[in-house]
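Working notes, structure below.
Side chains are part of it too, since the values below use all heavy atoms of this structure and drop only hydrogens, waters and symmetry mates. Predicted model, so just to flag it, every value in this text is computed and none were measured. Order of listing sets the numbers, starting from 1, for every ligand and every atom in it.
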Amino acid sequence: MSWKASERLMDTIRHYAKFPATGVSLRQMVQFGEKPSVGTLFRASQFLAEELPIRLAHRVQELDDLPDGLNEMPSVNKVKEWYAQSFEEITQLPRPDLTKDVRSRLMKPGRAHGRSMFKLSEATPNPSIIEGDGSGWGGLQAGGNGNGKTRSYARRYFAMVDDNGDWPAELQLYNQRFAQTLHKIKRRHDSVVTTMAQGILEYKRRRQRMQIDDTIQSFLDRFYMSRIGIRMLIGQHIALTDQSHHRDPTYVGVICTKTNVQDLAQEAIENARFVCEDHYGLFEAPRIQLVCNPDLNFMYVPGHLSHMLFETLKNSLRAVVETHGMDKQEFPVTKVIVAEGKEDITIKVTDEGGGIPRSAIPLVWTYMYTTVDRTPNLDPDFDKSDFKAPMAGFGYGLPISRLYARYFGGDLKLISMEGYGTDVYLHLNRLSSSSEPLQ
Ligand SMILES: Nc1ncnc2c1ncn2[C@@H]1O[C@H](COP(=O)(O)OP(=O)(O)OP(=O)(O)O)[C@@H](O)[C@H]1O
């Protein structure tokens, strides 16, 4: 790798890291509707052009400050450079000069077409931003065309703007270029989880540690949670910008306003059983029974839900096969029960896979805890797609799934009866107005 962060860039990063991140709720993310206008997208780009560097800067700083030599591990450094490089790409992207007229149109609220708008909570005001330079851009950027003065109106994620009349071509062009940059960044960060895992392995080997301590555990929780948020905002923005092909009208970006739980659960069951058959060379994987109202729909990110279900089901199937023996004719059936409440949709996965000893329960939430004998090779290409995983092996399945659940205000809980089986409760918050958890 030839790219290296300069001291000047690191200074800018340290400056951005002083600002708090601004949370965005699922509800705010869907306010764009199916096809946002050029002006509305441009406003979102303005917000992200500041918000993403702030979030990236926090991570660079935190990676830099990791204790006990963890910050010196080659893979940890590699991840840090990716964050710094992405920071630079966003902050250096040339921005269009806006005429006074365009600026005021961008500031004028538009009308929602025939539908009532959700009431929006204000974004966290940024104390370091001074009102009034009129450039239409916030003033955080030290490089690029930032002129040193600042204003605050751009610090809002969703704002429907006045769309009467055409927007100048530069706006559209900028939106496209911004989305392309985000796309490149998203790809760069595809293998962050495995590369960080590699970094932790390097550290464990160097320090001869069996487990990671609480500081590192909570760092990883924060780090991966932040990654989910960054990828959510990036993925959402790319999907909203790309309006070239006809999309399902129930989708707003990567959010589906009518995520059908039964369909998704059925698909996750099939995938987990397939992986299980493949891994153990079974003619037929243990069966899984699904109890779910077929009409149950709610607003969620299908990709996240698939991931959580697939991970927990895989764990159950593995436990069932390993407890009862691979050559067993008939395995006990794992049950998936979906309950619909006003607040939560809860999915319970009940298996008869022998459970987990009580002393090991806290460990299942730690990164790198697994009962797989040999952790598979950490192939950097392994998680090129966000939601693919082998049968088992890194000890990331449960902690990462819990982060996905918590990201939108839900949770993941596990209760075991050692000697019998395990119940996993996946709570999904259906109100979805909770803001992102930011540390
Ligand atoms: N349903 C279950 N029954 C019994 N043990 C389980 C169950 N779910 C998880 N475990 C235990 O918890 C450990 C950690 O699970 P986790 O999903 O985090 O990692 P993993 O499955 O080992 O690897 P991967 O990162 O590929 O998911 C497993 O290795 C297993 O020992």
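Annotation: Ala319 places no N or O atom under 3.5 Å from an N or O atom of ligand 1; distance criterion only. Residue Leu414 has no N or O atom closer than 3.5 Å to an N or O atom of ligand 1.
Less than 6.0 angstrom separates the ring centroid of Tyr83 from the ring centroid of Phe223.
Distances from atom 1 (N) of ligand 1 to the heavy atoms of Asp351, Leu317, Asn315 show the closest one on Asp351. Summarising the contacts of atom 16 (P) of ligand 1 with Leu398, Thr323, Leu363, Ile400, the nearest heavy atom is found in Leu398. When Ile356, Val320, Leu313, Thr312 are ranked by how near their heavy atoms come to atom 5 (N) of ligand 1, first place goes to Ile356.
Of all atoms in ligand 1, listed by their number and element, those nearer than 4.0 Å to a heavy atom of Glu311 are 27 (O). Close approach of ligand 1 to Arg318 is summarised as follows: ligand atoms under 4.0 Å from at least one heavy atom of the residue are 22 (O), 28 (C), 29 (O), 30 (C).
Using a 4.0 Å cutoff on heavy atoms, Pro399 counts as a contact of ligand 1. The shortest heavy-atom distance from Gly355 to ligand 1 is under 4.0 Å.
Ion pairing of Arg187 with Asp190 is absent here, as no side-chain N (NZ or NE/NH1/NH2) approaches a carboxylate O to less than 4.0 Å. Electrostatic pairing of Glu88 and Arg8 does not count as a salt bridge here, judged by no charged N lying under 4.0 Å from a carboxylate O. Ionic pairing of Glu202 and Arg205 is not present here: no N-O contact between side-chain nitrogen and carboxylate oxygen is shorter than 4.0 angstrom. Between Lys335 and Asp423 there is no salt bridge, since no side-chain N of the basic residue sits under 4.0 Å from a carboxylate O of the acidic one. By the 4.0 Å N-to-carboxylate-O rule, Arg273 lies too far from Glu270 to be salt-bridged with it.
Evaluation of the side chain to side chain donor-acceptor pair (under 3.5 Å) rule for Gln262 yields no partner, not counting sequence neighbours.
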